[in-house]
There are 2 protein chains.
Amino acid sequence: MKKNSKQNSRWMHGKFKCNGYRMTKAREAILDILANTKDHLSAEDIYLAIHKFYPNIGLTTVYRNLEMLVNIGIVVKFDFGEGRSKYELSDHYSEKGHHHHLVCKECYKVIDYSDFMKDELNFLKNTENGLSQKYNFEIRDHLIQFFGICESCRK
Amino acid sequence: MKKNSKQNSRWMHGKFKCNGYRMTKAREAILDILANTKDHLSAEDIYLAIHKFYPNIGLTTVYRNLEMLVNIGIVVKFDFGEGRSKYELSDHYSEKGHHHHLVCKECYKVIDYSDFMKDELNFLKNTENGLSQKYNFEIRDHLIQFFGICESCRK
DNA sequence: TTGATAATGATAATCATTTTCAATTAAGGA
DNA sequence: TCCTTAATTGAAAATGATTATCATTATCAA
Ligand SMILES: [Mn+2]
Ligand SMILES: [Mn+2]
Ligand SMILES: [Zn+2]
Ligand SMILES: [Zn+2]
């Protein structure tokens, strides 16, 4: 596992405790993997990565913990159309910060972008206000994705 | 099935033929169901609806045809986080026109909206231009969804 | 150190979606 | 209308991701 395992476990400890959860090796390891990749990983990807260091942590545990981490808002789950979910640290806990995705319909490559966020914010502020009012719907999150063909698939 | 089966089959015929596909009872029926609902239906929903009129059309056929209809752009497939895909006539072939969705995280109710499309268009034009240029990515579609809590789940 | 209980792992079960393959059918020309 | 042929279909089995079970283990506040 990477260098900053210790730090991670520390700042997470609080978050976990106040939700009635315990800090375990598996959770530490999952967060570590996610904190040290720029990719969007499947449950199995994470399982395999962890398996090298902790061969006794099972795929089931990875699934269970990912669900929990998604619930408390530390991890985000995505469906890019591949037939299995991909996970990533949520904006607030990631170096990436708030961002969205370009998804290649051909090879499923995913590109993070955080350009034009000023425009987005502007658009969302107005739209979210209007929608939540009109439909009496309390908006919590938004999902924005662009689908198309990536550079290498175009050649 | 509903009244306008005949019309549907007619305007579709052309689209199918020029793609090398044939017009079959199953396809006619699927389009009929989709054209006459405001809901977002799962493959099984569609299968069950068809089954009343054509008890010999199987779920497999529904899946196969939905995939084909998605490929030629007549139907759109959505993942609202429920664990199974939902289908809807694509904007161009639906009375709804271009729209997006509010999805309740609690009960998975889906609300169609087509408000603030002027703002959206404005935002997208600029953003899509910038992104496709910067990442050398040919944008084909966009997905915008708002997640939150619906009126009845809030009570 | 200990007790209550959260968490785990191996396994089996679910469940949506696909694959297989032999039988059927749509469509265009004779 | 009749034929030919390739597209389409249905039943059944297979796949593959995710979840449920349950006995065992680990965490952590007291
Ligand atoms: Mn990302
Ligand atoms: Mn819709
Ligand atoms: Zn690609
Ligand atoms: Zn709801």
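In this text, all values refer to a predicted model and were calculated from it rather than measured experimentally. Residue numbering restarts at 1 for every chain, and letters A, B, ... go by the order of the sequence lines.
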- Do B/His99 and B/Glu88 have side-chain atoms, one donor and one acceptor, less than 3.5 Å apart? yes
- Message: For the NZ atom of B/Lys52 and the OH atom of B/Tyr47, what is their distance to the nearest 0.5 Å?
- Response: 12.5 Å
- Message: I need the A/Ile57 CD1 to A/Ile30 CD1 distance, nearest 0.5 Å.
- Response: 7.5 Å
- Message: Quick check on DNA chain C: between B/Lys25 and B/Tyr87, whose nearest nucleotide comes earlier from the 5' end?
- Response: B/Tyr87
- When the rotation axes relating C1' atoms of four end pairs to the next four are compared across the helix from C/dT1-D/dA30 to C/dA30-D/dT1, five pairs an end, they differ to 10° by 40°
- Residues sharing B/Leu121's hydrophobic cluster, by side-chain heavy-atom contacts under 4.5 Å among ILVMFWY, directly or via others? none
- Message: At 4.0 Å (heavy atoms only), tell me whether B/Ser42 reaches a base, stays on the sugar-phosphate, or touches nothing.
- Response: nothing
- Item | Atom-pair distance (CD on B/Glu67; C1' on D/dT8), nearest Å | 14 Å
Can you tabulate the close N/O pairs, meaning under 3.5 Å, that link protein atoms to atoms of nucleotides 21-26 of chain D?
none

- Query: Hey, are B/Asp112 and B/His40 close enough side-chain-wise for a donor-acceptor pair under 3.5 Å?
  - Reply: yes
- Qualifying side-chain hydrogen bond (donor to acceptor under 3.5 Å, both in side chains) pairs, either residue in residues 115-127 of chain B, two or more places apart: A/Asp119-B/Asn126, A/Asn126-B/Asp119, A/Lys134-B/Asp115, A/Tyr135-B/Asp115, B/His98-B/Glu120, B/His100-B/Glu120, B/Glu120-B/His142
- First and last nt of DNA chain C near chain A, cut-off under 4.0 Å to heavy atoms, 5' to 3', are C/dA4 to C/dT11
Name each donor-acceptor pair under 3.5 Å that joins a side chain in residues 69-83 of chain B to protein atoms two or more places apart or in another chain, with its distance.
from    : atom 1 : to      : atom 2 : distance (Å)
B/Asn71 : ND2    : B/Glu67 : O      : 3.3
B/Asp79 : OD1    : B/Gly81 : N      : 3.3
B/Glu82 : OE1    : B/Lys86 : NZ     : 3.1

- OP1 or OP2 of D/dT19 less than 4.0 angstrom from a side-chain nitrogen or oxygen of A/Tyr63, does that happen here? no
- Message: I need the CD-P distance between B/Glu82 and D/dT18, as an integer number of Å.
- Response: 16 Å
- Keeping the roles fixed (side chain from B/Arg154, backbone from A/Asn136), state whether a donor-acceptor pair exists under 3.5 Å. yes
